[in-house]
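Just below is one structure, and these are the notes that go with it.
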Amino acid sequence: MTVRTGVLIIGTGFSGLGMAVRLKQAGIEDFVVVERAGEVGGTWRDNTYPGAACDVPSHLYSFSFAPNPDWSRSFSPQAEIQAYLERVAGDFGVRPHVRFHHEVLAAAWSEAERRWRVRTTNGDFEADVLVSATGALSDPAIPSLPGLDRFEGTVFHSARWRHDHDLTGERVAVVGTGASAIQFVPQIQPRIGHLTVFQRTPPWILPRWERPFRPAEQWAFRHLPGVQRLARAGLYWGREQTVAGFVVAPGLMRAAERLARRHLQRSVPDPALRARLTPDYRIGCKRILISNDYLPALTQPNVDLVAAGLAEVRARSVVAADGRERQVDTIIFGTGFHVTDVPVADRITGRGGETLKRHWAGGMRAYKGTAVAGFPNLFLLVGPNTGLGHSSQVFMIESQIAYVVDAVRHLRRTGGVVEVREDAEAAWDAGVQRAMARTVWTTGGCASWYLDDRGRNTTLWPGSTWRFRRRTARFDPEAYQGVPENAANPACRTPPTLVNSPAT
Ligand SMILES: Cc1cc2nc3c(=O)[nH]c(=O)nc-3n(C[C@H](O)[C@H](O)[C@H](O)COP(=O)(O)OP(=O)(O)OC[C@H]3O[C@@H](n4cnc5c(N)ncnc54)[C@H](O)[C@@H]3O)c2cc1C
């Protein structure tokens, strides 16, 4: 049986849940949310590693429409954020719309039916509008290392933490020193036998100014909503002030570098270790990390920092790029995600049978990070160039959601199909890349996961978040074209069929 719906949303992280809530608030109820996992939460359901927490303060890293007076600390731990998202799903009536354990395997635009046909692991759907909210940091990336498949110990990625595996007393290799590793390394270091941390490039680390909220503050947040709104606005504008250093004048970042150097000096007394931990690129070029306990953990006698990547894995050992071999029982990869090669791109097929992956062969691009030429009635949340280096991703997500809700309203009014014009998409992308040239991500002298394999930054928004909000405030049909019925593309005359779909 094929389920027919108005809007199909893929994913139940901040993006998919926020989209569902806003559709409901707009009076649109005929939508379904499909989720491959068994609970909502996305990032916060999956990243359960010890020490997992947000690094943007919670009063800002949350939905504007669902303030939470009960955050326990300025940067909430994973379990609290996950509980918050589960509560949002319940309180706003999203749950009845969600189909868990439905992984989207293929979504194809049917030219004849002028709608999306979607095949999942648990049934098929047809939808007028498809919203992909599958996340940019959702699919863990493990480097293909020679010998990894022959390793006889335990291997896992930080986003799929093996809580059933006891690390006590073990020899552990941690690969990567990014945002996740700096959170879990200090948590596991005291109980493991020996820890080897493989660091390709040292991150810049700033102090983590955090504290628990006092009961009086929580009382005020709960009973005087203006106080919480004020706190959120203060956090928002405080962060927004730093954007110039990222996007127009990286020289402004020198003050932050001085702060980070002092933090390093105070945390690591040994000059040789400090030298290995001192970055040689401008702060902000890679994601700025915040931690008070990572650097001290590296000074402990059971820790060895290898300032080189991992080159090879053997049955019971790992070999660094400098040739030294170390015996290990467990390897933990803190190596990030498929960001510029999101797997869902290979599963979405637009007009003419072209997949999003093929369309993006020259690099990801999307009009306003949201719409793609050749893919009618498809909207991406956290699409290309919508990520941030300085503030809350939820702000960008809410901007995109407002735009998509307006687009859905437009489609309902006009009864049509919209597809962004190629020239509008190209002009948007050219503008983004022009602005990118001045940013710290381009001029800062580092390689980062923000860049694709051509060195093009297809992940971050090179501007202020309020500028993005202004640009996405309203759906702009003038940037779109209608898609005529029975479009002349010969490749599309036969309605595309979904392989193995019982409905076709
Ligand atoms: C450890 C960690 C910490 C972070 N901390 C911060 C922070 O402090 N501040 C900040 O601004 N950002 C942070 N981020 C970025 C974070 O990813 C975003 O802020 C936000 O959570 C993204 O939400 P999302 O809904 O777009 O994606 P996700 O939360 O990744 O959700 C995507 C959902 O789609 C589902 N899905 C994917 N593919 C399919 C498919 N084919 N079929 C069905 N379902 C599918 C997934 O299961 C998942 O539930 C962090 C990321 C990580 C990994």
Side-chain angles (χ1 to χ4, degrees), residues 8-20 32-49 51-58 60-63 74-78 81-82 84-85 88-89 98-107 118-122 125 130-141 157-161 178-184 208 210 235 239 287-290 334-339 342-348 369 380-383 386-398 400-401 449 459-461 465:
L8 188 83
I9 303 166
I10 317 173
T12 60
F14 267 108
S15 299
L17 284 180
M19 186 75 230
V32 171
V33 192
V34 285
E35 167 58 58
R36 65 184 172 192
E39 183 49 276
V40 302
T43 293
W44 300 102
R45 179 199 60 230
D46 293 340
N47 287 270
T48 60
Y49 59 78
C54 56
D55 56 13
V56 168
S58 295
L60 183 58
Y61 188 61
S62 44
F63 288 121
S74 22
F75 299 98
S76 300
Q78 170 268 337
I81 306 172
Q82 175 61 14
Y84 167 78
L85 290 171
V88 166
V98 183
R99 307 283 180 273
F100 291 114
H101 305 295
H102 282 63
E103 175 170 358
V104 169
L105 302 173
V118 180
R119 178 163 59 93
T120 79
T121 45
N122 230 333
F125 296 82
L130 183 64
V131 179
S132 177
T134 53
L137 308 180
S138 183
D139 292 276
H157 188 281
S158 58
R160 302 288 182 269
W161 195 268
S180 299
I182 69 141
Q183 291 187 336
F184 71 74
R208 186 178 180 90
E210 105 166 306
L235 290 168
R239 298 221 152 216
R287 190 170 177 86
I288 300 175
L289 308 183
I290 53 169
T335 39
F337 300 86
H338 289 281
V339 182
V342 283
V344 80
D346 208 17
R347 301 180 180 191
I348 297 180
L380 311 175
L381 299 180
V382 191
T386 59
L388 295 179
H390 72 290
S391 191
S392 169
Q393 192 61 44
V394 179
F395 188 90
M396 297 296 276
I397 289 171
E398 287 200 55
Q400 288 193 283
I401 288 172
W449 57 261
T459 54
L460 295 185
W461 169 243
T465 61

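All values below come from the heavy atoms of this structure, side chains included, with hydrogens, waters and symmetry mates left out. Atoms within a ligand are numbered from 1 in the order they appear, just like the ligands themselves.
- Contact between Phe337 and ligand 1 is present, with at least one heavy atom of the residue lying under 4.0 Å from the ligand.
- Of the protein's non-hydrogen atoms, the one nearest atom 5 (N) of ligand 1 is Trp44 CZ2, 3.4 Å.
- Checked by atom type and distance alone, the side chain of Thr121 pairs as donor or acceptor with a backbone atom of Glu103 at under 3.5 Å.
- Taken from CG in Asp55 to CZ in Arg208, the straight-line distance is 6.5 Å, to the nearest 0.5 Å.
- Atoms of ligand 1 lying under 4.0 Å from at least one heavy atom of Ser391, given by number and element, are 11 (O).
- Residue Ser392 places a heavy atom under 4.0 Å from ligand 1.
- In His102, the part holding a heavy atom less than 4.0 Å from any atom of ligand 1 is the backbone.
- If you number the atoms of ligand 1 from 1 as listed, the ones under 4.0 Å from a heavy atom of Leu137 come out as 15 (C), 51 (C).
- Here the protein heavy atom with the shortest distance to atom 1 (C) of ligand 1 is Tyr49 OH, 3.5 Å.
- A heavy-atom separation below 4.0 Å is not found between Gly18 and ligand 1.
- The shortest heavy-atom distance from Gln78 to ligand 1 is not under 4.0 Å.
- Contact annotation: for Phe184 versus ligand 1, there are no heavy atoms closer than 4.0 Å.
- Scanning all protein heavy atoms for the shortest distance to atom 11 (O) of ligand 1 gives Gln393 N, 2.8 Å.
- Using a distance-only test at 3.5 Å, with no hydrogens or angles considered, no donor-acceptor pair links the side chain of Ser15 to the main chain of Ile397.
- Heavy-atom separations between Gln183 and ligand 1 are all 4.0 Å or longer.
- Taking 4.0 Å as the cut-off, Ala37 does not count as a neighbour of ligand 1 on heavy-atom distance.
- With a 4.0 Å heavy-atom cut-off, ligand 1 is reached by no atom of Ala159.
- For Gln78, there are no side-chain hydrogen bond (donor to acceptor under 3.5 Å, both in side chains) partners two or more places apart in sequence or in a different chain.
- A distance below 6.0 Å separates the ring centres of Phe63 and Phe14.
- Taking atom 42 (N) of ligand 1 as the reference point, the nearest protein heavy-atom neighbour is Val104 N, 2.9 Å.
- A donor-acceptor pair under 3.5 Å is absent between the side-chain atoms of Arg287 and the main chain of Ala179, judged by distance alone.
- Looking from atom 49 (O) of ligand 1 to the surrounding protein, the closest heavy atom is Glu35 OE1, 2.6 Å.
- Judged purely by atom type and a 3.5 angstrom limit, Glu35 has no side-chain atom pairing as donor or acceptor with the backbone of Val40.
- Here the shortest heavy-atom distance to atom 33 (C) of ligand 1, taken over Gly11, Gly16, Gly334, Ser158, belongs to Gly11.
- Counting heavy atoms under 4.0 Å from ligand 1, residue Val382 touches it through the side chain alone.
- Atom OG1 in Thr120 sits 5.0 Å away from atom CZ in Phe125 (nearest 0.5 Å).
- Residues passing the side-chain hydrogen bond (donor to acceptor under 3.5 Å, both in side chains) test with Gln183 are Tyr49, sequence neighbours excluded.
- From Gln393, atom CD reaches atom CD of Glu398 across 11.5 Å, with rounding to the nearest 0.5 Å.
- One distance of note links CD1 of Ile10 with CE of Met19; it measures 13.0 Å at 0.5 Å rounding.
- Put simply, CZ on Arg99 and CG on Leu8 are 9.5 Å apart, with the number rounded to the nearest 0.5 Å.
- Checked by atom type, the side-chain pair Arg347/Thr134 shows no donor-acceptor distance below 3.5 Å.
- The distance criterion of under 3.5 Å between nitrogen or oxygen atoms is not met by Arg287 with respect to ligand 1.
- Among all non-hydrogen protein atoms, the one lying nearest atom 2 (C) of ligand 1 is Thr43 CG2, 3.9 Å.
- Looking at heavy atoms from C-beta onward, Thr386 lies out of side-chain contact with Trp461 at the 4.5 angstrom threshold.
- Of all protein heavy atoms, the one lying nearest to atom 7 (C) of ligand 1 is Asp55 OD1, 3.4 Å.
- Scanning all protein heavy atoms for the shortest distance to atom 13 (C) of ligand 1 gives Tyr61 OH, 3.7 Å.
- For ligand 1, the atoms closer than 4.0 angstrom to any heavy atom of Val56 are 8 (O), 9 (N).
- Heavy-atom proximity to Asn47, at under 4.0 Å, picks out these atoms of ligand 1: 1 (C), 53 (C).
- The line from CH2 of Trp44 to OH of Tyr84 is 13.0 Å long, rounded to the nearest 0.5 Å.
- At least one N or O atom of Arg36, backbone or side chain, sits closer than 3.5 Å to an N or O atom of ligand 1.
- Between the side chain of His338 and the backbone N or O of Ser138 there is no donor-acceptor pair closer than 3.5 Å.
- In summary, the atoms of ligand 1 found under 4.0 Å from a heavy atom of Thr134, numbered by their order in the structure, are 32 (C), 34 (O), 37 (C), 38 (N), 39 (C).
- In this structure, Thr43 and Phe337 have side chains that are not in contact, with every pair of non-hydrogen atoms separated by 4.5 Å or more.
- For Ala133, every heavy-atom contact with ligand 1 shorter than 4.0 Å involves the backbone, none the side chain.
- Residue Cys54 has no N or O atom closer than 3.5 Å to an N or O atom of ligand 1.
- Per-residue contacts place Ser15 under 4.0 angstrom from the following atoms of ligand 1 (heavy atoms of the residue considered): 24 (P), 25 (O), 26 (O).
- By the 3.5 Å distance cut-off applied to N or O atoms, Arg45 is counted among the residues near ligand 1.
- At least one heavy atom of Ile10 sits closer than 4.0 Å to an atom of ligand 1.
- Taking every non-hydrogen atom of Arg347 and a distance limit under 4.0 Å, the qualifying atoms of ligand 1 come out as 41 (N).
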